[in-house]
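Working notes, beginning with the structure itself.
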Amino acid sequence: MIRLDHVFKRYPNGREALSDLSLDIAAGEIAFLTGHSGAGKSSLLKLIALIERPSRGRLIVNGQNVAGVSRSRIPAFRRRIGMVFQDHKLLHDRTIYDNVALPLIVAGIGGKEIGRRVRAALDQVGLLGREHSVPLELSTGEQQRVGIARAVVSKPPLLIADEPTGNLDPDLSLEVMNIFRRFNEVGVTVLIASHDLLLLEHFPVRRIRLEAGRLAGDSPAHVIASEP
Ligand code: ADP
Ligand code: ADP
């Protein structure tokens, strides 16, 4: 599903964010991406979403070599990746319905189908009935769930999240993580960048640890190595 083969990422300012990174995430897996701030987690997620391109090495996402995805094909490529951010990036002057519908409208999907899919996505995150609210009428945890609904509304086979619980208290973090797990249980591949220790403790899933842009640890689901 995701394969990195000796991937490097160097930014224009010379900063090497990822160095010789090789790793495989199989279809249907759920994994945490951990490491201190600056370790390269966001950079890796940006390469996967084609927000940035590798400087060297081979990166396969959803069975596609990103080197072969031209600029004009990026929107179609991204439709197969659900992205969740820490600050959820909701449009505050739009309703919950409009926020979740946005990726479908951009994709040119028709009206009736949009309504059906938006309600299904809101149902999956427990927010059915809140379509007509605006983001500020919802709690922080609910807003983050809207962000997840928007990420999954196109039914992407891959879900990536960058510190999705960074602004949430422990109960809400676990709730959000349980939503990710439910998507994983129905076959979605999930990669979550997080240094939320509580979350890591509660969910014994695979952990891929980066340190200064290099792979510093990769522990399978049932073996939990202690974080330094
Ligand atoms: P986090 O640790 O939560 O990933 P960062 O502070 O590393 O946050 O990065 C925040 C944003 O700023 C990211 O989009 C990252 O790509 C960008 N960024 C980080 N460092 C630099 C830099 N030196 N120059 C330009 N952009 C940067
Ligand atoms: P993390 O998400 O683990 O905090 P990042 O991927 O954001 O790590 O950052 C890795 C390194 O790359 C950091 O040193 C950061 O400052 C640098 N970096 C990130 N984005 C940029 C950018 N757009 N331009 C230059 N340097 C960046």
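Counting starts at 1 for both ligands and their atoms, in listed order. Note that the numbering runs from 1 along the sequence shown for the chain. Every value quoted in this text rests on a predicted model; they were computed, and no experiment measured them.
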Checklist outcome for this item: The option among L210, T34, N13 carrying the non-hydrogen atom nearest to atom 25 (C) of ligand 2 is N13

Next on the checklist: Please list all pairs meeting salt bridge (charged side-chain N to carboxylate O under 4.0 Å, His left out) that have one or both residues in residues 111-135, counting only residues at least two apart or in different chains.
Outcome noted: E113-R116, E113-R117, R130-E142

Next on the checklist: With respect to S43, determine whether any N or O atom, backbone or side chain, lies less than 3.5 Å from an N or O atom of ligand 2.
Outcome noted: yes

Next on the checklist: Please confirm whether S37 approaches ligand 2 to less than 4.0 Å, judged on its heavy atoms.
Outcome noted: yes

Checklist entry - Short N/O distance, under 3.5 Å, between K46 and ligand 2? => result no

Checklist outcome for this item: Minimal heavy-atom distance between A121 and V152, with the atoms involved, is CB-CG2, 4.3 Å

Item to check | Which residues share a side chain to side chain contact (heavy atoms under 4.5 Å, CB included) with L172, sequence neighbours left out | outcome: L168, D169, E175

Item to check | H92 atom NE2: more than 12 heavy-atom contacts under 6.0 Å | outcome: yes

Checklist outcome for this item: Under 4.0 Å from one or more heavy atoms of S42, ligand 2 contributes atoms 1 (P), 2 (O), 6 (O), 7 (O)

Item to check | ligand 2 contact on H36 by region, counting heavy-atom pairs under 4.0 Å | outcome: backbone

Checklist entry - Mind checking whether A17 has an N or O less than 3.5 Å away from an N or O of ligand 2? => result no

Next on the checklist: Restricting to non-hydrogen atoms, name the atom on V100 and the atom on P103 that form the minimum distance, rounded to 0.1 Å.
Outcome noted: O-CD, 3.2 Å

Next on the checklist: Could you walk me through whether K41 and H195 satisfy the side-chain contact (heavy atoms from CB on, under 4.5 Å) test, starting with their C-alpha distance in whole Å, then the side-chain angles of each, then the deciding distance to 0.1 Å, before giving a yes or no?
Outcome noted: CA-CA 10 Å; K41 303 181 298 293; H195 49 229; 4.0 Å; yes

Item to check | Closest to atom 3 (O) of ligand 2 among E211, K41, H195 (heavy-atom distance) | outcome: K41

Next on the checklist: Other residues, nucleotides and ligands only: do more than 12 of their heavy atoms fall within 6.0 Å of CZ on R3?
Outcome noted: no

Next on the checklist: Please list, in number order, the atoms of ligand 2 under 4.0 Å from a heavy atom of A39.
Outcome noted: 1 (P), 3 (O), 8 (O)

